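Just below is one structure, and these are the notes that go with it.
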Amino acid sequence: MKLLIDDAHLEEIKKICEFYPVAGVTTNPTILAKIGGNPFDTLKKIRNFLGEEKELHVQAVSRCAEKIVEEARHIVELLGANTYVKIPAMPEGFKAMKILVEKSEIPFTATAIYTPMQAFIAGQCGASYAAPYVNRIDNMGFNGLTVARDIQQIFEKNSMETEVIAASFKNSQQVLELCKCGISAVTLSPEIFIALVKNSAIDSAVEVFISDFESFAGNDKTMLDFQ
Ligand code: E4P
């Protein structure tokens, strides 16, 4: 399961990338609104930091298919390889996906997914990823984890190459549940990323090991001080 960061604050992205294995960054218009200004200033800085090998997902915001296609080309032209254009999984979006698949090589992520059927249609339209919104689905009175698992199963049973990139999490337990069933990818806010391995038992175990070592070796001593 690939781990991506769902955020556009460069300093936050850098902090998470320093400590964790990160496959890329996802953004959406709401996330970009938190930064403001020219969105490409923000996105180009993120791309420069990530390099070409990591994924960057950027959403098109036009309402009609032809404009979505234009936006997709513009986004990839400015942000380069490994940029996935996020396209809402709805009729105009499906039309745009079909045009992109017929006419170009631009990879795209079907987004705003609340139902398995949206993901299935997007997959048939050639989406590289489908992004179910786990927590938002829960808030509607349905089960977001079940929807994400169903989508994964639909892709497998129908021999589709589309991958699930589950999004919208409120806790690390939701992430663990999807990890157990082999979901392809999740995108997480920095807070949830840090919460994946946040446990005072781990910290105190490590502290006891260090202080036990120092009790016979001396303060601040490590294995480097011995031959
Ligand atoms: C991802 O594609 C979505 O834009 C995002 O993860 C939604 O998360 P939220 O429900 O926390 O806003």
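Residue numbers run from 1 in the order of the sequence given. In listed order, ligands and their atoms are each counted from 1. Nothing here was measured: the structure is a model prediction, and the numbers come from that model.
- A heavy-atom separation below 4.0 Å is found between T111 and ligand 1.
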Practice task
Might you work through the salt bridge (charged side-chain N to carboxylate O under 4.0 Å, His left out) test for K15 and E18, ending with a clear yes or no?
Solution key: CA-CA 5 Å; K15 262 191 257 169; E18 185 179 354; over 6 Å; no
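- If you look at Y133 next to ligand 1, the close heavy atoms, those under 4.0 Å, all belong to the side chain.
- Residue contacts with ligand 1: Q59 is placed with no nitrogen or oxygen under 3.5 Å of a nitrogen or oxygen of the ligand (distance criterion only).
- Ionic pairing of E70 and R73 is not present here: no N-O contact between side-chain nitrogen and carboxylate oxygen is shorter than 4.0 angstrom.
- At least one heavy atom of K86 sits less than 4.0 Å from an atom of ligand 1.
- In this structure, Q174 contributes its side chain and N171 its backbone to a donor-acceptor pair below 3.5 Å.
- Under 3.5 Å, the side chains of T111 and Y129 contain no donor-acceptor pair of N or O atoms.
- By the neighbour-count criterion of 12 heavy atoms within 6.0 Å, atom CG of N38 is densely surrounded, having more than that number from other residues, nucleotides or ligands.
- Residue D6 places at least one N or O, backbone or side chain, under 3.5 Å from an N or O of ligand 1.
- Counting atoms of ligand 1 from 1 in the listed order, those under 4.0 Å from a heavy atom of R136 are 7 (C), 9 (P), 10 (O), 12 (O).
- Donor-acceptor pairing under 3.5 Å is lacking for the side chains of S189 and D7.
- Within ligand 1, counting atoms from 1 as listed, the ones closer than 4.0 Å to a heavy atom of N28 are 3 (C), 4 (O), 5 (C).
- The heavy atom nearest to atom 8 (O) of ligand 1, considering only A167, P132, S168, is found in S168.
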